[in-house]
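Everything on this sheet refers to the single structure shown next.
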Amino acid sequence: MKNTAFLLSFFVLTGFQAVAQEQDSTRKAFLAAQAVIQKQSEQDHKKMLEQLRITSLRPGPSGNPNAPNAANVDESQATPYTSLPDPLVLKNGKKVTTAKQWWQQRRPEIVEDFDREIYGRVPKNLPNVTWEVTSESKEMNGDFPVITKKLLGHVDNSSHPAIKVDIELTLSTPANATGPVPVMMSYGFRFPAGFRLPTPPATTPPAKPEPTWQQQLLAKGWGYAVLYPTSYQADNGAGLTQGIIGLMNKGQTRKPDDWGALRAWAWGASRALDYFETDKAVDAKKVGIEGLSRYGKATIVTMAYEPRLAIAFVGSSGEGGVKIHRRKFGEQVENVASAAEYHWMAGNFIKYAGPLTPNDLPVDAHELVALCAPRPVFISSGSPQVEGNWVDAKGMFLGGALAGPVYKLLGKKDMGTVEFPPIETALIDGDVAFRQHSGGHTTGPNWPTFLLFADRYFK
Ligand code: GCU
C-alpha cells in the first residue's frame, strides 16, 4: 500500500510522536463527523419510513461470522424463496419469444419495476454539465508514458444555487497512442482524512510487484479513467438533500420512488461518457466501467441504464448488485434497507424489509444483468476464506447465469452453466462471464482474466 509506505517514511522524518498526535486529532474529527452523519442519516431514514407508513423493520443479520445473529452461510438453508421472476415472461403471463418483444414490451416492464421499487427514478430535466480540464500533464506510470488530464464537470445549478455540484474525473491515455484508445473507467474510492481501512491480513510481498490494473491496460495500449462518485453524491443518507439528488430536490427529502445514490453515481458516469465523446484521445465506443463493492453495485446499475457503455467489470457487488435478492446467504435485503445503506436505493426498497419480504420483489438481480444484454458483463468475486461470505459469490454467479436466456434471445451466449463452478474457474466463453479469484475484497486478481474477456470485444 502506497499510503502506508508514505506514512511510514513521514513518521521517520518528522518524529513519531508529533505525527501520532496529529493523526489522533484527525481521527477524532473524522469520528465526530461520522457520528453527525449517522444521526442525520437515521433521521432521514425515519422520515422515509413515515412516508411509507412503515412502523417497524426486520433487522438484517450480522456480517461478523461469530455474532449470534451472523448471516447464514449454509448453502442448504439459502433458498427458502419460491418466486424468482422469469425475465422472459410478460406481466400478462405471455412468453417473450422475439427480440422485438424483449425491447418493446418486457424490457420496459423490468425497467419500470427497478425504477419504482429498487433504484428509484432519475428526475426529468437533469442539468447540463460543462467539463473543464483543470490540468494536463505528461507523466510515467511504471514504464509507460501517459497523458493525464484532471477534469471537473461543473453542474448547472441555476435551478437551486444554494447547492453546488462538481464531478471529479481523471483520464490517462498512452502518450504514444496514434489514435483514439479504449478506456476503462473505474469508480474510485476517496476516503476522508482520519478514515482507517481495516488492517489487511499479513502477506508476503511478491518478489517483483505485479503490474497494476492501470499498467495492464497501458500494456495493451488502452487508457484508464477514475470517476469519484462522492464528489457529486455523498455515500450516506445525510447527503440525500445535497449533491445531485439534493440539487434536483431543491434540498428537500426524497419521495419514495426518487433515485438513490447508485443511480446518481451512474448519472455521473454517463456525463463522463459525454466528455469522452468529445476527447480525441478516447474511442468513446469502447469505454467500459469497473467498480468494487458499493461501486460494483453502481457499475451494474450504470451498465443497465447507459447503453453507450461497451463492457462492465462488476466487482463483489453483493446484495443490491448482481447477487440474487431471494437468497438467504450473506448480506440481506434487510441490511441494505437499514439507515446505513438505504441511501443507495429508492425509498420504496425499504418496504421489502417490512412488511413485505424479498419474495415480494417484482424483479430480481438476474433481470438487472439482463438489462445489460446483449453487451458483455464480467462478474467478479473473491474467495470465502479471504473475502468472506457477505458478498455471496454463488448469489452473484446466479445473477449472471440466470440472465442467460435474455442474452440467448438476443443472439448472444450465456455463461454455459448454471452450476456454481470451483474457485478460479474462468467462465469467459459467453457474453456474461464469471470468475471467483482466491483473494479478498478486490477486483485486483481478476484483471488479467477480465482483459482476456474484454479483448474479444475491443480488438
Ligand atoms: C458493506 C455493505 C456492502 C457493500 C460494502 C462495500 O459491507 O454491506 O453491501 O458492498 O460495504 O461497499 O464495501
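Every number for a ligand or one of its atoms is a count from 1 in the order of the listing.
At a 4.0 Å heavy-atom cut-off, ligand 1 touches Trp344 through the side chain alone. The part of Trp390 lying near ligand 1 is the side chain, judged by heavy-atom distances below 4.0 Å.
We find that Glu341 and Arg294 are not joined by a salt bridge, their nearest charged nitrogen and carboxylate oxygen being 4.0 Å or further apart. The existence of a salt bridge linking Arg106 and Glu109 is confirmed by a sub-4.0 Å separation between a basic side-chain nitrogen and an acidic carboxylate oxygen. Of the charged side-chain nitrogens involved, none lies within less than 4.0 Å of a carboxylate oxygen, so that Glu331 and Lys323 do not count as a salt-bridged pair. A salt bridge does not link Lys351 to Asp360: none of the charged side-chain nitrogens sits closer than 4.0 Å to a carboxylate oxygen. A salt bridge links Arg121 with Glu112: at least one charged nitrogen is closer than 4.0 Å to a carboxylate oxygen.
Among the atoms of Glu341, some N or O lies under 3.5 angstrom from an N or O of ligand 1. Taking distance alone, with nitrogen or oxygen atoms compared against 3.5 Å, Glu319 stays at or beyond that limit from ligand 1.
Phe114 and Asp364 get closest at one heavy-atom pair: CZ-O, 3.4 Å. Of all non-hydrogen atoms in Ala264 and Tyr232, the two that sit nearest each other are O-CE1, 3.2 Å.
Residue contact check: His441 has heavy atoms under 4.0 Å from atoms 13 (O) of ligand 1. When each atom of ligand 1 is checked for a heavy atom of Lys297 under 4.0 Å away, the hits are 3 (C), 4 (C), 9 (O), 10 (O).
Residue, atom and distance of the protein heavy atom nearest to atom 13 (O) of ligand 1 are Ser293 OG, 2.7 Å. What sits closest to atom 12 (O) of ligand 1 on the protein, heavy atoms only, is Arg294 NE, 2.5 Å. Looking only at protein heavy atoms, the nearest one to atom 9 (O) of ligand 1 is Glu331 OE1, 2.6 Å.
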